[in-house]
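Report on the following structure.
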Amino acid sequence: MMLPRTGGISALALASLLLGPTQKAQAQETEPPDQNASPAESDTTGEPIRVRYKEGLELTTADGNWRLHIEWRVQSRFSYPFDENVDAINDLPTLMQDPSRATLEIQRARLRVGGHAYRPWLDYYFEYDFKNARMLGWKLNFRRWEETQFRVGQWEADYNRERRASDRELQLVDRSIVNDYFAIDLQQGLMLFGRLFKGSTADSRYFAAMFSGNGAGEGNDDTHFMWMGRWQWNFLGEEPGLGQSDLGIRDRPAASLAVAGVINRSPCTGFKTAGCSQLPGFEDGEAGQYSVAQAVGEYTFKHRGFATQGELHWKRIDDNVNDTRTELLGGYAQLGYFPHAAIPSIPQPLELALRFATVDPERAVGDNVLREFTVGASWFFAGHRNKLVADASLFSAGSVEDDRGRVRVQWDFSF
C-alpha cells in the first residue's frame, strides 16, 4: 500500500504551526501521546495533511489512517557529592572515602517518534538516545481489539511498574536502588497483552512475553529464551496509568494490584539500559551460565492528589558453571501528595514525595542489607513535560556505621 500523496501545506496551516495558540499541558502517562486516538476528522481547509502542535509536532492524514508524532526531550541534572546509585552504594565504605564532587550534566537527550500507519490500530514507536548515540527502543503494536493485542520490538519489559514508567513521570529524580537488582529493563521479543472486563471490578490487564533474554540490542546466544508473565487487577474499575503522580487530582480513586514472574537462562544476572550486566559479586558469564527466576508483587493507589505505590521482589540466580545459588530480596514503598488538594493556599504545581527502599543482595550472608531513604519535591510547569524536581537521599549498607547522603536537582523538558 503506498503512502497517500501529501501535497502542500497551506499558509494557514503553517501559521498555525508556528504561531498557534498555547494549549494547556496535560498529564501524560503513556508514550507517545494519543497513541490510540480515533481517526482525525477531515481538514476543513481541504489539505490532505493536517499539521498541528500537540505535545510535539503531529502530522495526520485527512482519512486518519496515517499519523506521525515527533517530540524532543532534554533532562539536565545537578548532583552532589555523587550521582551513583546501586553499584557505588554496594561498596559504601569505598564511597565514603571518595572525594566529594558536584556534577552538572545533560542526563538524557532523546528523540521520540510515534504514530500509526495504514490503520489507526497499527501503531509504532521508537526512541533514540543522543547522549549515548544508540537506539533505545522500537515497537510495533497491533491493537485491533483491546482484549487481544500483539507487540514486537525492543522496549522496557512490562514486568514491574517502577521500571516501566517513563523516567520523566517519576515522583523523584530517579528510580530506587531496587531497580538495578530486579528490573529486566529493555528486551527484544514479542508479547501478547490486553485489557479484560474494562470498567468493572474485574478490570484487568495481562501480559505474556518471550524475549531473547540478553538485553538491549542483543539477539539470543543459545536455544534459551526469557519468558515473562504479568497480571494486573484494577479492582476499582479505573486504570491508574503508569505515571507515578496523581496530576489530575482524581475525584474517583484508581488502584491496582499486580503479580509478575520471569525465568531466563543467559550470561546475565542483571540488566541496564545498555544491555546485559552483572550484579555485584558475579563475574562476566558465558552462554547459558546463569539461570534466573524472579517474581514481584506490587500495588498502586491514586486519589485526590495522593499517590502511592510499592513493590516486593524475590530473585534466585543459579550459576551453572560454578554450581552456586544466590537468593535476593528487595522492595520499596513510595508516596506523593499535592498539598493544594487539602490546603488551597498552597500552590497547585507543588508535589511532595518520599520513598524507602531496601535490598538484600544475598540472603545467605548476614549484615549486608542496603537501604535508601529519599524525600523530594516537584514543581510542575506543564505536567511531566516541563518540571523541576529536587530530592535528598540517605544511604546505608549493612554494618557500616556511617551513612552517606546525596542531593540532586533535575529539570526535565519536552517539546
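Atom set for the values below is all heavy atoms of this structure, side chains included, hydrogens, waters and symmetry mates excluded.
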Residue from Ser166, Ser414, Ser245 passing side chain to side chain contact (heavy atoms under 4.5 Å, CB included) with His384: Ser245
Strictly by salt bridge (Lys or Arg N to Asp or Glu O under 4.0 Å), give each pair with a member in residues 386-399 just once, sequence neighbours left out. Asp391-Arg408
With a 3.5 Å distance limit and no angle check, can you tell me whether Gln187 reaches the backbone of Gly215 through a side-chain donor-acceptor pair? yes
Heavy-atom nearest pair, Tyr181 first then Lys315, reads O-NZ, 2.9 Å
What closest approach, in Å, do Gly405 and Phe82 show between heavy atoms, and which atom pair accounts for it? O-CE2, 3.4 Å
Begin with the C-alpha distance, continue with both residues' side-chain angles, and end with the deciding distance and a verdict on salt bridge (charged side-chain N to carboxylate O under 4.0 Å, His left out) for Glu239 and Arg205. CA-CA 9 Å; Glu239 171 65 70; Arg205 286 193 178 273; 2.6 Å; yes
Check: Ser277 side chain, Gly270 main-chain N or O, donor-acceptor pair, under 3.5 Å: yes
Say whether, by atom type as modelled, one donor and one acceptor occur between the side chain of Ser176 and the main chain of Val178 under 3.5 angstrom. yes
Donor-acceptor pair, distance only, cut-off 3.5 Å: does the side chain of His340 make one with the backbone of Ile346? yes
For Phe282 and Thr326, work out which heavy atoms get closest and say how close. CZ-OG1, 3.6 Å
Ring of Phe193, cation from Arg151 - is the NZ or CZ under 6.0 Å from the centre and inside 45° of the axis? yes
Looking only at heavy atoms, which two atoms of Tyr299 and Ala333 are closest? And how far apart? OH-CB, 4.1 Å
Is there a donor-acceptor contact under 3.5 Å from the side chain of Asn214 to the main chain of Gly219? yes
To check you understand the geometry: which heavy-atom pair defines the closest contact between Phe338 and Pro349, and what is its length? CE2-O, 4.2 Å
Over all atoms of both residues, closest heavy-atom pair of Gly213 and Asn264: O-ND2, 3.2 Å
Trace of the salt bridge (charged side-chain N to carboxylate O under 4.0 Å, His left out) decision for Arg195 with Asp203: CA-CA 7 Å; Arg195 186 175 182 182; Asp203 190 329; 2.6 Å; yes
Under 6.0 Å between ring centres: does that hold for Tyr124 and Phe126? no
What do you reckon, are the aromatic ring centroids of Trp66 and Tyr118 less than 6.0 Å apart? yes
Would you call Arg265-Asp222 a salt bridge at under 4.0 Å N-O? no
To the nearest 0.5 Å, what is the distance between CZ on Arg67 and CG on Asp123? 9.0 Å
Verdict with reasoning, Arg73 to Asp412, per salt bridge (charged side-chain N to carboxylate O under 4.0 Å, His left out): CA-CA 8 Å; Arg73 178 188 171 213; Asp412 204 309; 2.8 Å; yes
Could you tell me whether a side-chain N or O of Arg175 sits under 3.5 Å from a main-chain N or O of Glu162, the two making a donor and an acceptor? yes
Could you walk me through whether Phe271 and Phe211 pass the ring pair (Phe, Tyr, Trp, His ring centres under 6.0 Å) test, one step at a time? CA-CA 13 Å; Phe271 297 96; Phe211 299 112; 9.7 Å; no
Donor-acceptor contact below 3.5 Å, side chain His69 vs main chain Gly114: no
With ring centroids as reference points, do Trp72 and Phe130 lie under 6.0 angstrom apart? yes
Checking Glu218 now: which residues fulfil side-chain hydrogen bond (donor to acceptor under 3.5 Å, both in side chains) with it, not counting sequence neighbours? none
